[in-house]
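Throughout, residue positions are numbered sequentially from 1 according to the sequence presented.
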Amino acid sequence: MKNFFISYLSISILAISFCLAQQNKLKAPSRTQLEWANAEIGVLIHFDLVVFEPSYDFRADWNYHPSLSIFDPKELDTDQWIRAAKAAGAKYAVLVAKHCT
């Protein structure tokens with residue numbers, strides 16, 4: 001039993017030493033990662049067929065798909081979206097393209 005306890009204690013000490021050594025190997029974030037983390041506010045823009053056919057619910061009926069001709073953004077001003085995002089303090093914008101609609 002004494003040998004088992006000594007072996008267990010030795011393995012525990014080695015494991016703790018290894019974990020402490022690994023903590024000292026952590027790398028600092030890159031400049032790009034810091035810039036991203038400091039961006040603070042951003043916008044996600046979801047723009048798909050539901051905008052043009054609000055009743056469309058792809059989850060409810062997998063067999064129904066609206067005609068693609070309804071997607072006709074003639075008066076769309078994406079620059080206005082970005083101006084509004086910047087006015088709100090956003091540092092980035094992401095346009096989400098959904099594969100299901």
For residues G42 and A90, report the shortest heavy-atom separation together with the two atoms involved.
CA-CB, 4.1 Å
Nearest 0.5 Å please: distance from the CD1 atom of I82 over to the OH atom of Y92.
12.5 Å
Could you tell me the separation between the NE2 atom of H65 and the OH atom of Y56, rounded to the nearest 0.5 Å?
5.5 Å
Only distances under 3.5 Å count here; give the side-chain donor-acceptor pairs of residues 43-54 to other protein atoms, sequence neighbours excluded, each with its distance to 0.1 Å.
from: D48; atom 1: OD1; to: V50; atom 2: N; distance (Å): 3.2
from: D48; atom 1: OD2; to: K98; atom 2: NZ; distance (Å): 3.4
from: D48; atom 1: OD2; to: T101; atom 2: OG1; distance (Å): 2.8
from: E53; atom 1: OE1; to: Y64; atom 2: OH; distance (Å): 3.3
from: E53; atom 1: OE2; to: Y64; atom 2: OH; distance (Å): 2.8

Have S69 and S67 got a donor and an acceptor in their side chains that come within less than 3.5 Å?
yes
Looking at E40, I'd like to know if its CD atom is crowded, meaning that more than 12 non-hydrogen atoms belonging to other residues, nucleotides or ligands lie closer than 6.0 Å.
no
